[in-house]
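Take a look at the structure set out below.
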Amino acid sequence: MSTAAPTPRPAWSVPEKPGLEGLEERWGRVWEDDGTYRFDRRAERDDVYSIDTPPPTVSGSLHVGHVFSYTHTDTIARYQRMRGKAVFYPMGWDDNGLPTERRVQNYYDVLCDPSLPYDPSFAVPEPVSERSKDERKAPKVQISRRNFVELCNHLTAEDEVAFEELWRHLGLSVDWSMTYATIDERSQRVAQRAFLRNLQRDEAYQAEAPVLWDVDFRCAVAQAELEDREQPGAYHRIAFHGPGGDVFIETTRPELLAACVALVAHPTDERYQPLFGTTVRSPLFDVEVEVKAHELADPEKGSGIAMICTFGDLTDVIWWRELQLPTRSIVAENGRIASDTPDWITAGGEAAVAAFAQLAGTSVKQAQAKTVELLAESGELEGGPKPITHPVKFFEKGDRPLEIITSRQWYLRNGGRDLDLRAALLQRGHELHWHPPHMRVRYENWVNGLNGDWLVSRQRFFGVPFPIWYPVGPDGLADHAHPILAAEVDLPVDPSAEVPPGHDESQRGQPGGFVGDPDVMDTWATSSLTPQIATGWGEDDDLFARTFPMDLRPQAHEIIRTWLFSTAVRSHLEHDSLPWRNTSISGWVLDPDRKKMSKSKGNVETPMDRLEQYGADAVRYWAANGRPGTDTAFDEGQMKVGRRLAIKLLNASRFALGLGGGDGAARTTDLSLVTEPLDRAMLARLAELVDDATTAFDAYDYARALERTESFFWAYCDQYLELVKGRAYGARGDEAAWSAQAALQLSLSTMLRLFAPFLPFVTEEVWSWWQDGSVHTAPWPDASGLRDAAADGDPLVFEVAAAALGEARKAKTEAKRTLKWPVDAIVVIDREPRVRALRAGLDDVRESANAASVTAEVGEVATITVTLAEAPDGPDV
RNA sequence: GGACGCGUAGCUCAGCUGGUUAGAGCACCGCCUUCACACGGCGGGGGUCGGAGGUUCGAGUCCUCUCGCGUCCACCA
């Protein structure tokens with residue numbers, strides 16, 4: 001036992017009345033000024049923890065779901081930093097793509113017309129919301145592509161400022177010197193370079209093929225952007241005419257009758273077997289089509305025989321391809337029936353031409369009504385339409401059902417039609433560590449369900465252009481088979497504004513000249529490269545070597561099929577590796593009715609209001625309670641609890657650090673002073689907690705780490721602090737007090753660090769009262785050091801002492817006395833180990849319960865008997 | 001149609017490889033006022049763990065079936 005007085009330390013600044021107000025601003029500024037979260041570029045790869053942060057879409061406002069999932073990542077980042085890693089934690093902004101285009105169109109009331117020339121004098125218009133009523137009536141202003149892109153850049157820059165402010169307020173430990181935007185020059189260069197390399201390795205190709213087409217956006221859509229919506233429709237039973245009589249098909253899309261190329265039934269279907277190989281004639285148009293057999297025809301569906309049109313749905317495409325049928329397309333890019341009469345209709349004679357003339361130029365919806373009318377008149381529609389609801393494919397951002405049209409597009413191989421590549425990508429999914437593990441199934445479902453390669457070209461304006469031109473032949477037509485590629489050193493290029501090597505602008509569009517590829521890349525074609533963009537692939541080789549492959553991709557589960565998968569594809573093709581070792585999948589934030597919170601549902605919470613109301617630590621506390629992959633209810637109650645926790649941390653710290661009468665003499669970190677069994681017991685329990693929290697964090701289970709830490713902390717405040725208070729003030733002499741004070745400081749330092757990933761502001765505040773530097777760069781607590789300090793401490797001492805104190809409190813509460821009411825006697829009967837443990841803490845129980853005597857005896861039946869004093873004139877009053 | 005997840009107190013959730021009497025917070029009820037904390041403290045009531053079988057000395061936990069909710073995927077004529 002040490003008898004030396006503790007070494008005095010410089011005076012600490014423990015505030016008289018600590019509070020949470022203003023902590024975000026104050027510490028946010030200090031962290032920025034001190035570069036607390038700066039990435040250390042000297043660190044070798046093994047000492048780096050790199051995070052592929054999801055770039056939020058900059059086309060509106062951040063919502064509470066963002067706050068939720070970004071907090072999860074931040075707790076991991078902070079943990080890894082305290083474990084000694086150089087954390088590479090950049091932030092990106094996803095300003096590329098359709099959401100931005102739409103926002104700009106609406107915000108400024110403009111439309112892009114790519115045929116217009118650039119107008120350098122075009123000024124940023126006043127937002128629609130600022131305009132007068134009359135001004136709003138003016139027609140949309142048509143502007144050139146380059147002017148449009150400039151407007152996109154202008155608006156997103158404004159949004160990005162607001163986003164960064166919110167993230168800083170939330171306390172994300174991002175290195176703000178390393179932000180990127182998915183439309184900035186570096187991202188464009190990376191996207192174009194990656195594409196050119198894909199092209200050179202034959203991983204990218206162009207093809208004239210049927211694509212899913214949004215008739216409003218007039219743009220191709222990829223499989224990953226589809227969603228099914230239940231729509232009303234109707235079966236129409238329609239007669240085709242064969243030599244042996246009429247054949248009835250049932251269809252939901254009678255308006256495509258003119259596009260029919262064959263009928264199809266299952267090979268084993270005895271009803272139709274005699275027809276296979278024969279031809280029948282279509283109603284209205286009298287076009288001869290063959291009857292085919294194919295496995296995909298379902299005898300149970302409709303009449304068991306279907307008409308194949310080019311194209312009504314994806315099954316039509318399969319039949320068309322596998323049965324080698326002709327193409328008869330009648331739906332134009334604008335979603336209307338072609339206005340020119342196709343030649344196969346002309347061949348059907350006057351009646352056919354007349355019928356088609358009634359449909360030409362109408363929308364598919366109008367065409368359907370007209371076709372039904374015509375069929376009814378001709379007697380070829382049996383019975384009326386039978387209403388049904390059925391799933392129909394939509395672009396996830398679109399308003400009308402997708403059509404399928406044939407057009408020339410760029411594709412990237414993704415295993416959709418290559419079994420070896422598919423197997424390799426499934427293997428990548430297996431190598432990746434998923435948190436939680438069951439999310440891998442979604443990846444596998446998706447990869448196994450791919451039905452084609454990745455369509456990466458989009459007929460839009462605000463995006464990364466393809467760095468490609470085409471020669472124009474003497475006939476004035478572009479020669480797509482011989483693309484002219486940009487040189488890597490020239491990237492990024494805009495082929496609609498720049499000219500290919502060896503050409504000049506006067507040759508654009510001229511016979512013998514060139515044209516630029518008019519399309520831009522799918523937004524995912526850039527987003528799938530965020531690891532390469534963030535780590536400086538091809539831009540900063542040194543950084544790249546220190547940070548790639550990355551350690552963590554955090555993201556939401558609904559975009560596993562898009563973002564996670566496409567990123568895995570790009571990395572596999574370019575680097576033959578995974579882009580990251582781990583992925584943590586966050587759940588959704590649900591409103592109290594268990595519905596996903598989203599803007600379109602109008603149930604979003606504005607995060608800044610909540611941050612200001614409860615404080616960032618409190619909001620983070622709520623978020624960190626949402627376990628990985630688990631949908632979590634939006635719960636202000638939890639934010640209140642978080643706020644209370646933060647306040648408790650302030651007050652408990654004030655107590656622990658305010659002992660010793662302000663002279664500083666008793667303040668110490670000399671652990672040899674910890675001699676009291678209760679103090680050692682508490683430290684032994686704390687060591688177990690550190691092990692638990694560390695294990696949980698290593699498994700990406702931040703929620704568990706928080707829960708364990710919090711639960712210990714409340715027991716610490718309610719029980720340990722009460723048990724030790726009198727002794728810490730000196731009731732049992734200096735050495736007993738020093739033991740308490742040293743244990744309090746060690747435990748407080750440990751708990752501040754355990755809480756630091758969750759409550760960065762309040763922990764930093766308390767840390768600053770008595771420690772140098774930032775708690776966020778302090779080392780993560782070490783259980784073995786605590787065990788050394790605890791010596792042979794038995795956690796049971798803490799438990800049984802707390803139980804005895806609890807019984808005394810209960811007796812006082814039930815007798816309606818204050819907690820300071822004196823106790824004559826506490827008699828504890830229990831089994832031997834617990835009795836022994838209690839005897840070690842007997843003096844602390846007596847002190848804290850204000851008891852005249854506490855005795856512990858071994859017995860079979862455990863009881864605690866508390867005898868209160870008659871009047872408040874017992875000991876120590 | 002296939003797959004995954006979830007059903008534990010009024011609410012939000014812990015309960016990990018099966019082990020005394022199923023836990024926490026919120027809410028509710030009662031009590032205590034200020035020497036860390038009234039933005040507080042102490043205590044209390046409240047659950048046949050969705051249902052039915054099974055394995056086991058023992059099941060909230062493992063197996064089978066089943067019901068409900070959510071989500072992802074699917075070639076939806």
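Naming: A, B, ... by sequence-line order, numbering from 1 per chain. Everything quoted here is computed from the prediction, not taken from an experiment. These numbers come from the heavy atoms of this one structure, side chains and all, not from hydrogens, waters or symmetry mates.
Here the nucleotide nearest the side chain of A:T813, chosen from B:C42, B:A77, B:C31, is B:C42. Distances were taken from every side-chain heavy atom of A:Q638 (C-beta onward) to each of B:G25, B:C42, B:A14; the shortest belongs to B:G25.
Between A:R229 and A:E227, at least one side-chain nitrogen of the basic residue sits less than 4.0 Å from a carboxylate oxygen of the acidic one, meeting the salt-bridge criterion. By the 4.0 Å N-to-carboxylate-O rule, A:R831 lies close enough to A:E860 to be salt-bridged with it. Here A:E847 does not pair with A:K820 in a salt bridge; the nearest charged N to carboxylate O distance is not below 4.0 Å.
At the heavy-atom level, A:S711 lies nowhere under 4.0 Å from the strands shown. As judged by a 4.0 angstrom heavy-atom cut-off over every strand, A:D316 is placed among residues making no nucleic acid contact. If you check every strand for non-hydrogen atoms under 4.0 Å, A:C717 touches a base. Looking at heavy-atom distances under 4.0 Å, A:A297 makes contact with a base. Using a 4.0 Å heavy-atom cutoff across all strands shown, A:D718 reaches sugar-phosphate atoms only and no base atom.
Judged purely by distance below 3.5 Å, without hydrogens or angles, the side chains of A:Y235 and A:T251 never pair a donor atom with an acceptor atom.
Residue whose closest nucleotide on RNA chain B sits further toward the 5' end, between A:R644 and A:N651: A:R644. Where A:I305 and A:W446 meet RNA chain B, the nucleotide closest to each residue was compared, and A:W446 sits on the side nearer the 5' end.
Across every strand in view, B:U48 sits unpaired, with no contact that passes the Watson-Crick or G-U test at under 3.5 angstrom.
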